[in-house]
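Structure first, commentary second.
Counting from 1, the numbers follow the sequence of the chain as shown. Because the structure is a prediction, the values reported are computed rather than measured.
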Amino acid sequence: MTTEVITEPTAQELAGVAAERFIAAAHRAIDDHGMFRVALSGGNTPRALYEKLAVESSKSEIWDCVQVFFSDERFVPPDSTESNFHLAKTTLLSRVPIPERFVYRVATVEIPPEAAAKAYEDELRRVFAVRMPDVPRFDLILLGLGEDGHTASLFPDTEALRVQDRLVVANFVSKLNTWRVTFTYPLINAAEHVIFLVQGEGKAEMVRRVVDGAPDLPASGVHPDSGTLTWLLDQAAASRLPETRQTV
Ligand code: 6PG
C-alpha cells in the first residue's frame, strides 16, 4: 500500500484538488479498462467536491463510462436531506451527463436493512461481474472521517467492524439509534485507490490518531493492500500532523 497526505490551505482549495484527483482517476481507469467505478461518500464534507465536479466536468466525456455507488447510506428515503444519494444527486449527478442506469443507490424504502444490504452486494457483484469469493476492485472509494474515528458507516463498537465475509452489510448504530448500510473492510481494502477527504479543526486530532494507526479506531482499518491511500486534508484538519507528514 502507498500512502500519501496532501494538505491544501482552505476547504475550497481542497475541493479543487479533490476534483482534479477524481477526474485523473477516472481518465486512468477508463484508459485502462474502459470504465471508472467509484463509490461516493456521504456527510457534509464532500458537498464542495461534488459541486466543483459538477461545474468543472459537466462537459467532460468521462460520464458515459462512470458507474457510481455509495460507500454507505443512511436508512432514509432517497429524497431525504439525510440521504447520501440525495446529496450526490442534487449537487453532482443531476448536473452531469451520467446515464441514470449507472447510478446505483441503496434501496431504503419498504425493504428491511439487511435485505437492502444483500441486494446492494448482489448488484455490486453483477456490475463488476465478480462472483464469491472474489472481491470487486473499485477504481476509487471516497471516504469521510467522523470525530469518533468512524468511516463510511463503520462506527466504533458496531457489528460491521468484524465482518470479513461480506461486501456490504446493514449496521445498527446504537449511538444514533439508526440503521445504516455500509461497505465492509474487505470491499474497501480491495480498492485501487481510497481517498479520505477531511476538513476542519474538529477532525485534526482524529486525523492524527488514524494516520498514526491507532488500532481502536474504525478508520484505521482502511488499508487498500495493493492500492493507494490518500489523505486529502485542509490545513485545519492536518494541523495536528507533524510537519513531515504534511505534504503540499
Ligand atoms: C455518513 C458518512 C460518514 C461521514 C463522516 C464525516 O453517511 O455520514 O458516510 O462516514 O463521511 O461522518 O461526515 P462529515 O463530512 O459530515 O463530517
Side-chain angles (χ1 to χ4, degrees), residues 1-11 13-15 17-18 21-22 25 38-49 70-74 84 138 140-164 167-169 171 173-176 180-248:
M1 175 176 90
T2 308
T3 302
E4 57 177 355
V5 177
I6 310 289
T7 305
E8 292 300 317
T10 66
E13 289 165 294
L14 176 64
V17 169
R21 289 293 181 112
F22 183 102
V38 58
L40 300 181
S41 59
N44 299 308
T45 302
R47 176 180 292 274
L49 162 60
F70 295 85
S71 46
D72 73 321
E73 186 55 280
R74 291 89 178 275
N84 291 338
F138 271 92
L140 175 61
I141 296 178
L142 289 178
L143 294 175
L145 178 66
E147 293 189 9
D148 59 358
H150 81 263
T151 191
S153 284
L154 299 167
F155 282 81
D157 309 314
T158 59
E159 289 301 308
L161 298 178
R162 284 182 284 281
V163 174
Q164 291 298 320
L167 305 178
V168 183
V169 292
N171 196 30
V173 185
S174 48
K175 75 182 228 183
L176 303 175
R180 296 284 187 95
V181 171
T182 185
F183 280 11
T184 59
Y185 287 126
L187 180 57
I188 293 171
N189 289 331
E192 169 66 26
H193 194 179
V194 175
I195 292 180
F196 274 115
L197 183 65
V198 190
Q199 69 184 50
E201 172 72 35
K203 304 282 179 75
E205 177 56 16
M206 200 46 73
V207 166
R208 182 194 67 75
R209 290 180 59 198
V210 176
V211 167
D212 284 350
D216 58 325
L217 298 172
S220 297
V222 172
H223 41 78
D225 307 316
S226 55
T228 301
L229 175 61
T230 301
W231 286 88
L232 285 185
L233 308 170
D234 68 351
Q235 198 63 53
S239 58
R240 298 281 181 91
L241 292 178
E243 283 297 314
T244 51
R245 294 304 306 260
Q246 297 185 29
T247 54
V248 179

Shortest non-hydrogen separation from [X] to [Y] and the atoms involved:
X      : Y      : result
Leu233 : Ala238 : CD1-CB, 3.8 Å
Val207 : Val198 : CG2-CG1, 3.8 Å
Pro218 : Phe155 : CG-C, 3.8 Å
Ser220 : Ala214 : OG-O, 2.6 Å
Ser153 : Asn171 : O-ND2, 2.9 Å
Val169 : Ala160 : CG2-CB, 3.7 Å

Check whether any side-chain heavy atom of [X] sits under 4.5 Å from a side-chain heavy atom of [Y], and report yes or no.
X      : Y      : answer
Arg240 : Glu201 : yes
Trp231 : Val210 : yes
Arg21  : Leu140 : no
Arg74  : Asn84  : yes
Arg180 : Thr158 : no
Leu187 : Phe138 : yes
Ser71  : Leu143 : yes

Open item on the list: Test side chain to side chain contact (heavy atoms under 4.5 Å, CB included) on Glu147 and Lys203; report intermediate values, then the result.
Closed with: CA-CA 6 Å; Glu147 293 189 9; Lys203 304 282 179 75; 3.8 Å; yes
To the nearest 0.5 Å, what is the distance between [atom1] on [X] and [atom2] on [Y]?
X      : Y      : atom1 : atom2 : result
Asp72  : Thr184 : CG    : OG1   : 12.5 Å
Ile195 : Phe22  : CD1   : CZ    : 9.0 Å
Ile141 : Phe196 : CD1   : CZ    : 10.5 Å
Arg162 : Leu154 : CZ    : CG    : 11.5 Å
Ile188 : Leu167 : CD1   : CG    : 11.0 Å
Ser41  : Leu145 : OG    : CG    : 11.0 Å

Task: With sequence neighbours excluded, residues passing side-chain contact (heavy atoms from CB on, under 4.5 Å) with Ala11 - done: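 Ala11 satisfies side-chain contact (heavy atoms from CB on, under 4.5 Å) with Gln199, Asp234 only.
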- [ ] Dump the intermediate steps for salt bridge (Lys or Arg N to Asp or Glu O under 4.0 Å) on Lys175 and Asp157, then the final yes or no.
- [x] CA-CA 10 Å; Lys175 75 182 228 183; Asp157 309 314; over 6 Å; no
Indicate every side-chain donor-acceptor pair of residues 223-230 with a distance under 3.5 Å to a residue at least two apart or in another chain.
{"residue": "His223", "atom": "ND1", "partner": "Asp225", "partner atom": "OD1", "Å": "2.9"}
{"residue": "Ser226", "atom": "OG", "partner": "Arg137", "partner atom": "NH1", "Å": "3.1"}
{"residue": "Thr230", "atom": "OG1", "partner": "Glu4", "partner atom": "OE2", "Å": "2.6"}
{"residue": "Thr230", "atom": "OG1", "partner": "His193", "partner atom": "NE2", "Å": "2.7"}

TODO: With side chain to side chain contact (heavy atoms under 4.5 Å, CB included) as the test, would you mind laying out the steps for Asn189 and Met1 before giving the verdict?
DONE: CA-CA 10 Å; Asn189 289 331; Met1 175 176 90; over 6 Å; no
